[in-house]
Amino acid sequence: MIPLARYCLISLLLPWPVFAAEAEATAALSLGYRLDALDWSIDGAGNPVGSEPNILSELEWRDTEIVQLKAELVGTNRAGFYFRGSAALGRSFDGENQDSDYAGDNRTLEFSRSLNDTNGSEVLDLGGGLGYTFFLGVDQAIRLVPMVGYSYHQQRLRMRNGNQVLWDADNAAIYDPGIVSGPPLGPFAGLDSSYEAHWFGPWLGVDLRMDLAGGSAVFARVEAHQATYFAQADWNLRDDFAHPVSFEHEADGRGWVLELGWQALPSRYQWTWGVTLSLQDWTTNSGTDRTFFADNTFSEGRLNGANWSSRSLSIGLNKAFEN
């Protein structure tokens with residue numbers, strides 16, 4: 001059992017003080033700045049004509065700057081049962097993609113590298129969970145909520161405005177002696193490729209809120225996720241690949257989500273404001289890389305793994321609409 005799951009179970013069994021809860025619900029709408037990074041790599045095992053590097057191709061989307069809009073609903077009924085659900089949409093306005101190929105193990109003998117724009121990439125996050133509220137302190141100022149939930153995350157990443165910055169014909173020939181020429185260095189036209197990644201699965205977590213004097217509160221949320229990873233790509237400049245699905249990736253993954261925030265306590269009569277910092281780190285085990293060719297054949301290889309991190313800072317408005 002993972003440590004957080006064990007903690008949640010112990011929390012449910014401990015004799016915490018339990019008070020009668022008031023039925024309440026709060027809606028929140030926030031706008032934020034988000035910085036994402038995602039990378040993955042595949043190996044070259046099975047190459048029949050040359051080297052078989054443990055990292056053949058590696059793709060990185062880094063410093064992807066995103067404007068994000070998020071809506072959230074949080075509530076508790078009189079029996080103390082707690083729910084939380086949210087949806088977030090975002091679109092990138094800056095960032096960089098690097099596409100590198102290697103003929104040697106451990107990122108050696110690099111023979112191709114391009115640097116590309118990521119503008120127009122999009123993200124989507126959906127999630128929800130249920131829990132039970134435990135009140136701590138004589139004045140019930142602290143609320144501890146062990147939770148179970150489910151989430152879905154999507155990154156639709158773009159590659160545009162290509163720029164070839166490295167080509168080494170000698171290293172390319174080590175991987176495939178049949179390669180006799182490569183792309184010219186500099187900007188190249190027509191690049192409009194996409195990589196759409198999906199992470200989905202259950203999570204266990206804890207929500208903690210502490211009311212402060214003066215009508216505000218601080219809160220923390222921790223979630224441990226188990227995830228299925230599935231991604232599809234369209235490499236639009238590869239005539240030998242099928243379209244619109246050129247290849248796909250499958251793997252098992254896991255992730256951590258941490259949120260820290262402050263907010264003025266919601267009111268039935270006016271909107272109040274708050275600020276939230278969100279940190280996410282996700283990774284996968286090795287998995288399957290399945291490539292589809294234009295002649296209706298396909299091949300399977302190894303996905304070494306995928307990694308995704310996200311940092312966001314948002315300012316939001318909150319309103320209680322039922323008490």
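With respect to the salt-bridge test (charged N to carboxylate O, under 4.0 angstrom), the residues E110 and R113 qualify. Using a 4.0 Å cut-off between charged side-chain N and carboxylate O, E259 and R209 make no salt bridge. Between D207 and R84 there is a salt bridge, since a side-chain N of the basic residue sits under 4.0 Å from a carboxylate O of the acidic one. No salt bridge links D101 with R107; every basic N to acidic carboxylate O contact stays at or beyond 4.0 Å.
Between H153 and H225, the ring-plane angle classifies as perpendicular under the 30° and 60° cut-offs. Using a 30° and 60° split on the angle between ring planes, F134 and Y132 fall in the perpendicular class, above 60°.
Under the salt bridge (charged side-chain N to carboxylate O under 4.0 Å, His left out) criterion, R160 pairs with D192, sequence neighbours left out. The ring-ring contact (aromatic ring centres under 6.0 Å, His included) check on Y102 picks up nothing, with sequence neighbours excluded. R34 is linked by a salt bridge (charged side-chain N to carboxylate O under 4.0 Å, His left out) to D36, D125, counting only residues two or more places apart in sequence or in another chain. Under the salt bridge (charged side-chain N to carboxylate O under 4.0 Å, His left out) criterion, E300 pairs with R290, not counting sequence neighbours. By the salt bridge (charged side-chain N to carboxylate O under 4.0 Å, His left out) test, R156 is found to be paired with E196, residues two or more places apart in sequence or in another chain being considered.
Residue pairs meeting the salt bridge (charged side-chain N to carboxylate O under 4.0 Å, His left out) criterion with at least one member in residues 126-142, sequence neighbours excluded, do not occur.
Checked by atom type, the side-chain pair Y33/E65 shows a donor-acceptor distance below 3.5 Å.
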